[in-house]
Amino acid sequence: MQQQTNDFRERVITPLLMPLGILAVIAVTVGFFAWMLLWSTKFLALILAIVAASVILAAISLVSSQEKLDAPKKAVVGGFVAIPMLIGALFAGGVIGDVDAADLNINRQPHEPTIAAPEGAPVVVAEDSVEFVTKSFELPAEGLVAFTFDNEQSGVVHNVWIFEGPTTEDPLFFQGENITGPASIDYGFEAPGEEGTWLYFCSIHPNMQGEVTFSFDATAGLIG
């Protein structure tokens, strides 16, 4: 009878419970790690992720290099994995560190959506890191305006920044978001309310420059 019970446990119960137990451990670990990253800052989350990955790889390397681990080595392996988790948990729980709540990942405000450029709006094109394909374009001098930036250079980051004048010595008027090509983005902003020809350039590749003219007679790119 005892033998039948043992056989049933080994053939039915153990194969069923073991995967469920492993899944439960994985779910708890992932949930715990996610909680740590959410309740930390962007910088600390990056550091924790790097450290955790490094120590886990080190622990795996240590385990695989040993035929049998004695108690001290098991403690070292456990410490490799547990220490970054413990530090992250203490920070996330507010035990250590003094961080503004607004800086925590869980409280970060989502990126505001970009204003969509209307049909017929100007398009600024970048094909390389030497110069813009579009040397100049025109926008209305007043109202909410938008234009499209098309980054056609694969794997390279570009943007469009506009100065309040014809030179890079003038104050910045608009700073467009970086995008990695090939991709496009619509930049929208409130026009300056005055006519003039201003300089625009890529802040990452300052040699890439062009001119944008604001005119009360222009209509392309006007929203509403």
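These numbers were taken from a predicted model, which means no experiment stands behind them.
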Would you list the atom pairs, donor with acceptor, under 3.5 Å between side chains in residues 169-176 and any protein atom, with sequence neighbours excluded?
from, atom 1, to, atom 2, distance (Å)
Asp170, OD2, Thr167, N, 3.0
Asp170, OD2, Thr167, OG1, 3.1

When rounded to the nearest 0.5 Å, the distance separating CD of Gln209 from NZ of Lys135 is 12.0 Å
Do any side-chain atoms of residues 212-224 form donor-acceptor pairs under 3.5 angstrom with protein atoms, and if so which ones, sequence neighbours left out?
from, atom 1, to, atom 2, distance (Å)
Thr213, OG1, Thr197, OG1, 3.1
Ser215, OG, Asp217, N, 3.1

Is Leu199 reachable from Leu139 through a run of hydrophobic residues whose side-chain heavy atoms are each under 4.5 Å from the next? no
Do Ile179 and Phe189 sit in one hydrophobic cluster, given that two such residues count as connected whenever their side-chain heavy atoms are within less than 4.5 Å of each other, even indirectly? yes
For Ala191, check side-chain contact (heavy atoms from CB on, under 4.5 Å) against everything at least two apart and list the hits. Val145
May I have the step-by-step check of side-chain contact (heavy atoms from CB on, under 4.5 Å) for Tyr187 and Phe147, ending in yes or no? CA-CA 6 Å; Tyr187 292 138; Phe147 67 95; 3.5 Å; yes
Give the cluster check for Phe137 versus Phe201: same hydrophobic cluster or not, with ILVMFWY residues linked at side-chain heavy-atom distances below 4.5 Å. no
Partner residues of Thr168 under the side-chain hydrogen bond (donor to acceptor under 3.5 Å, both in side chains) criterion, sequence neighbours left out: none
To the nearest 0.5 Å, tell me how far Glu177 CD sits from Phe149 CZ. 11.5 Å
Of all residues at least two apart in sequence or in a different chain, which pass the side-chain hydrogen bond (donor to acceptor under 3.5 Å, both in side chains) check with Asn159? Asn178, Ser203
Show the atom names and distances, to 0.1 Å, of all donor-acceptor pairs under 3.5 Å that link a side chain in residues 127-134 to residues at least two apart or in another chain.
from, atom 1, to, atom 2, distance (Å)
Asp128, OD1, Val130, N, 2.9
Asp128, OD1, Glu131, N, 3.2
Ser129, OG, Gln153, OE1, 3.0
Ser129, OG, Gln153, NE2, 3.4
Thr134, OG1, Val123, O, 3.2
Thr134, OG1, Val125, N, 3.0

Would Tyr200 end up clustered with Trp198 when hydrophobic side chains under 4.5 Å apart are linked, directly or stepwise? yes
Starting at CD of Glu138, measure out to CD of Glu211 and round the result to the nearest 0.5 Å. 12.0 Å
